[in-house]
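A quick write-up on the structure given underneath.
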Amino acid sequence: MTTKNIVRVDIEPERYELAERPTYYFDVDRRDFFKFLGAGALVVCALKSPGLGQESGRAHGRGDALPNDIASWLQVSENGRVTVYTGKVEIGQNIRTSLSQAVSEELHVPIERIDLVMGDTQLTPFDMGTFGSRTTPTMNLQLRKVSGAARDVLIAMAAKQWNTEPAKLVAADGKVADPAGNRSIEYAELVKGKQLTATLPAEDPLIPASDWKVAGTSVPKVNGRDFVTGKHRYPSDQTLPDMLYGKVLRPPSFGATLVSADTQKAEQMGATVVRDGNFVGVAAPTTAQAETAVATIQAKWNEVSQPSNKELFDYLRENTTNGSDPTGDGDRFESGSVDQAFSSSSHTLKATYTVQYIAHTPLETRAALAQWDADHLTVWTGTQRPFGVREQLAEAFHLPEEKIRVLMPDMGSGYGGKHTGETAVEAARLARATRHPVKVVWTREEEFTWAYFRPAGVMDVKSAVNSDGMLTAWEFHNYNSGSAGIRPYYEIPNQRIIFHPVKSPLRQGSYRALAATANHFAREAHMDEIAHSLKMDPLEFRLKNLKNERLRAVFEAAAKKFGWGKAKTGPGQGYGMGGGYEKLGNVATFAEVHVDRKSGEVRVKRVVTAFECGAIVNPDGLKNQVEGSNIQGLGGALFEAIQFKDGKILNAALSEYRVPRFSDVPQMETVLLDRKDLPSAGAGECPLVGLAPAIGNAIFDATGVRLRALPLVPDGLKAT
Amino acid sequence: MSIPLVVNGRSYSLEVDPQTPLLTALREHLDLTGSKYGCGEGLCGACTVLVEGKAQRSCVTPVSSVRGKKITTIEGLAHGDDLHPVQQAFLDEGAMQCAFCTSGMIMSAVSLLNRNREPSEKQIVDAMDGNVCRCGTHTRVIAAIQRAGRQMSESKETRR
């Protein structure tokens with residue numbers, strides 16, 4: 001390899017996330033279902049009066065260009081309630097609350113009076129999707145700006161009405177007050193149900209985090225009561241009058257194509273059967289009837305040979321696509337003189353690390369309810385990308401997007417796993433044929449099999465250090481996992497970093513923290529290996545090679561809380577750390593494990609995490625995200641792995657795919673560093689990346705066994 | 001076949017196959033969607049309801065096996081606007097993220113506290129291990145159960 005500099009090509013996170021295309025392309029044109037439709041269809045949803053931006057027919061653009069007018073985002077109703085429109089969606093990360101806090105803070109309205117309309121393609125401004133920890137740095141900021149501008153407009157309106165100076169008035173508690181004149185007026189009275197037509201000013205100072213009163217506090221989940229009473233309707237809970245239940249006939253293996261299908265029995269049972277290309281589905285008045293009907297279908301499939309996870313890592317190395325991954329490009333970075341640095345170094349280390357495919361396993365499986373009214377389609381579905389699903393529906397049904405409305409009721413989690421609209425497309429296809437609303441809810445087995453996975457990957461790492469313990473060279477190859485978090489934050493003069501896209505044997509896509517989990521695991525495990533090979537303390541070695549102050553701060557804070565350096569108190573005990581920088585957040589995670597080499601049991605006893613993501617918007621919500629990341633991360637670190645063979649998933653059930661449970665949960669301590677001087681960043685992903693290496697390094701500390709594969713101990717760690 | 005069901009104090013008569021899972025009967029036939037489908041194997045606990053005050057996985061309970069028995073779902077736990085202490089404790093502890101597991105968690109917790117108002121952490125973990133939370137709110141759920149137990153001891157909350 002040459003040492004010339006290679007231009008770095010980043011994978012844009014958004015494009016990475018968009019890799020998955022719809023499963024079906026319908027041949028709908030030759031099937032003229034619409035001649036039946038129209039008259040009987042019900043319109044059950046009373047539309048809210050849309051904001052100006054919506055009325056202008058989706059005038060606002062796509063991508064990062066956010067609409068600039070207040071009315072697109074915010075409306076003050078006559079009853080004094082404030083409605084806020086955002087394309088972001090609530091998937092358990094509690095942004096309905098944190099965004100409400102932002103509005104309350106800047107608009108000076110009590111949070112109880114704020115309603116968020118989220119992820120409704122007809123009412124909310126276009127949004128690429130809820131992923132990449134982008135809500136807090138972008139949407140929270142946007143809604144603060146909008147709310148601040150609205151507050152100023154309201155003050156100006158009151159000033160005009162009272163014929164006084166705006167500077168003499170103050171906004172508080174949903175009112176504008178004139179302290180000198182001893183008078184006040186409700187926002188609602190000023191607005192009188194009309195829209196705030198102003199646009200956002202170019203310069204408008206926001207309330208600094210140090211002065212926050214509502215933001216920055218632990219406001220509880222705004223609609224929490226609806227969740228503890230069972231009142232909230234998740235996507236899978238949606239119903240409509242005359243609704244049917246849909247089931248789809250699944251191929252016996254990935255890549256199989258339909259040869260023939262005998263659907264006579266299903267039809268005789270009264271189910272409506274739809275066959276369109278590779279799609280065979282039924283709709284019936286109950287789930288039981290739909291399941292029975294689909295089970296009677298005799299289908300022949302053409303199956304193709306598929307790799308299994310026995311040969312997975314060899315396959316990944318051998319099937320690189322030379323830069324033509326689904327997102328279009330790979331990631332390369334080179335600096336200094338890597339080959340020269342390695343050849344002149346007396347201390348080099350080489351190791352390979354792997355991660356398996358894992359499943360998101362959101363507790364709510366994919367679900368959608370679809371309804372046609374003539375050639376207009378409305379779909380309620382659980383997705384992180386309602387606008388993306390609208391695009392998929394438009395493509396599948398050859399419709400302009402204006403005729404499609406996708407709504408996203410707050411859903412039962414996603415973790416990056418619900419970027420696609422499979423059930424939306426399936427339900428819409430069945431609804432179109434049956435002339436009824438149709439609901440499709442995937443079984444757990446379908447979710448395990450026909451969703452997509454976190455990419456498996458191989459990481460080859462080679463490093464060189466000088467006699468002072470300073471890193472001099474770093475070569476890092478990642479096959480298939482992805483390039484998120486691939487760049488080291490340690491100071492290394494000579495670096496070669498290459499992401500090798502691979503034609504993945506399984507359908508793969510985004511997962512909470514993306515490839516940052518794999519890349520941090522490899523890097524932080526490798527750092528530990530170097531430290532041990534130098535007989536240096538792993539913390540000292542890291543800090544020696546780390547200049548980034550924010551990252552140093554979390555390592556130091558976590559080490560202090562953990563009591564790094566303390567003596568072990570018993571056999572089988574081990575301590576380890578991992579950490580890093582991802583999605584604008586900084587994390588350090590320290591773990592204590594106990595390994596019983598006789599039984600093979602590995603227990604994570606204690607996890608200490610220090611996290612910093614700028615000014616904290618909601619400390620309790622943030623702590624929940626950090627701890628949740630750690631608990632979810634236990635699965636991928638210790639035991640989660642998808643087993644597959646001949647195009648079939650072999651462990652497509654909770655009885656066969658182990659996820660973390662109460663008995664797995666360690667004692668957790670979380671240190672939140674609140675940097676009020678820095679912009680707020682998201683926290684849904686970054687906290688995950690330190691855990692797996694911390695546990696792996698702790699297992700090494702306990703046993704001297706170096707584990708370089710995730711999951712680390714799916715079958716325990718018995719002495720051999 | 002007609003199956004008599006008593007859910008949240010109301011009597012119903014369902015014309016369904018006796019093998020129909022109770023969860024399906026609740027969700028599809030009675031439109032009580034607070035109980036959730038998560039796995040269909042009785043292993044995630046999202047579908048948990050109380051049968052005669054005891055937690056049961058409704059997704060693996062044939063509706064015929066609970067005919068005439070007193071079934072309580074999450075929708076029937078509060079007295080009007082007064083939340084059950086376990087519901088209130090989940091709010092107070094912020095023991096939820098996406099909350100899809102929450103109704104099942106609450107029902108399992110009520111069942112535990114019906115038997116034991118002051119469970120140890122170990123007893124809570126044992127009792128709740130069949131309830132999966134993917135968002136990772138476990139430590140808060142434990143805190144909420146302890147809080148609710150204390151509350152119930154004080155107020156002598158009666159069995160539901």
Side-chain angles (χ1 to χ4, degrees), chain A residues 90-94 218 220-221 224-234 236-239 245 286-288 360-365 367 410-415 441 443-445 620-621 623-625 627-635 653-655 659-665 667-668, chain B residues 16-17 19-21 24 27-29 31-44 46 73-78 83-84 86-92 94-104 106 124-142:
Chain A
E90 173 62 53
I91 58 179
Q93 77 287 45
N94 273 328
S218 293
K221 195 172 178 82
R225 198 182 169 93
D226 291 347
F227 292 94
V228 298
T229 54
K231 187 179 162 207
H232 173 70
R233 294 247 174 184
Y234 289 86
S236 57
D237 300 330
Q238 301 293 317
T239 56
Y245 293 85
T286 67
T287 300
H360 308 77
T361 328
L363 202 54
E364 183 182 35
T365 57
D410 297 5
M411 73 173 168
S413 75
Y415 319 119
V441 180
T443 62
R444 179 57 59 192
E445 185 185 2
D620 190 61
K623 191 162 174 263
N624 216 348
Q625 283 291 300
E627 293 182 354
S629 291
N630 279 332
I631 294 175
Q632 184 162 62
L634 283 175
L654 269 195
S655 51
V659 296
R661 290 179 180 268
F662 277 92
S663 52
D664 295 309
V665 174
Q667 179 191 335
M668 284 186 295
Chain B
V16 292
D17 184 312
Q19 289 306 306
T20 303
T24 309
R27 291 178 57 83
E28 254 178 69
H29 299 274
D31 197 33
L32 292 169
T33 56
S35 310
K36 306 301 183 192
Y37 167 84
C39 72
E41 307 182 87
L43 290 176
C44 77
T73 70
I74 189 74
E75 291 93 341
L77 207 53
L83 295 180
H84 186 282
V86 175
Q87 292 173 307
Q88 187 59 51
F90 270 64
L91 288 180
D92 293 341
M96 68 193 91
Q97 287 186 35
C98 84
F100 198 74
C101 69
T102 301
S103 49
I106 289 174
I124 294 174
V125 167
D126 288 347
M128 301 300 292
D129 219 29
N131 285 75
V132 167
C133 167
R134 292 292 294 138
C135 297
T137 50
H138 303 71
T139 53
R140 288 154 184 254
V141 170
I142 293 170

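Below, chains carry the letters A, B, ... as their sequence lines are ordered, and counting in each starts from 1.
Ranked by non-hydrogen atom pairs under 4.5 Å with chain B, the options A/T286, A/D410, A/T443, A/T361 are led by A/T361. Here A/S655 is the residue among A/G633, A/P220, A/G224, A/S655 with the most heavy-atom pairs under 4.5 Å with chain B. Among B/D92, B/T137, B/D31, B/I142, the residue with the largest count of heavy-atom pairs under 4.5 Å with chain A is B/D31. Listed options B/G34, B/G130, B/G136, B/C98 were ranked by heavy-atom pairs under 4.5 angstrom with chain A; first place goes to B/C98. Counting heavy-atom pairs under 4.5 Å between each of B/R134, B/R27, B/E41, B/R140 and chain A puts B/R134 at the top. Contacts with chain B were tallied for A/P362, A/G621, A/S413; A/S413 has the most, counting heavy-atom pairs under 4.5 Å. Looking only at heavy-atom pairs under 4.5 Å with chain B, the residue among A/V659, A/N630, A/N94 that has the most is A/V659. For the set A/L654, A/V228, A/I631, the entry with the most heavy-atom pairs within less than 4.5 Å of chain B is A/V228. In terms of heavy-atom pairs under 4.5 Å with chain B, the best-connected choice from A/R225, A/E90, A/H232, A/Q93 is A/R225.
The distance from the NZ atom of A/K221 to the OG1 atom of B/T102 is 8.0 Å, given to the nearest 0.5 Å. Interatomic distance, B/M96 CE to A/F227 CZ, rounded to the nearest 0.5 Å: 8.0 Å.
Side-chain contact between A/K623 and B/T139 is absent, with no heavy atoms from C-beta onward closer than 4.5 Å. Taking the side chain as every heavy atom from C-beta outward, A/T287 and B/E28 approach each other to under 4.5 Å. When side chains are defined from C-beta on, A/L363 counts as touching B/C44, because their heavy atoms get closer than 4.5 Å. A 4.5 Å side-chain heavy-atom check between A/M411 and B/F100 finds every atom pair outside the cut-off.
Remark: side-chain polar atoms of A/Y234 are paired, donor with acceptor, to backbone N or O of B/A99 under 3.5 angstrom.
Not a single salt bridge (Lys or Arg N to Asp or Glu O under 4.0 Å) links A/E364 to another residue, sequence neighbours left out.
When heavy atoms are compared at a cutoff of 4.5 Å, B/I106 approaches chain A solely by way of its side chain, counted from C-beta outward. Residue B/A46 touches chain A through its side chain alone, counting heavy-atom pairs closer than 4.5 Å. Interface residue A/I91: only backbone heavy atoms are found under 4.5 Å from chain B. Proximity to chain B (any heavy atom under 4.5 Å) is shown, for A/S236, by both the backbone and the side chain. Both the backbone and the side chain of A/Q625 come within contact range of chain B, with heavy atoms under 4.5 Å apart. For chain B, the nearby part of A/R233 is the side chain; its heavy atoms alone come within less than 4.5 Å. With a threshold of 4.5 angstrom between heavy atoms, A/M668 approaches chain B through side-chain atoms but not through N, CA, C or O. Both the backbone and the side chain of B/E75 have a heavy atom closer than 4.5 Å to some heavy atom of chain A.
A/F662 approaches B/D129 most closely through the heavy-atom pair N-OD1, 3.1 Å.
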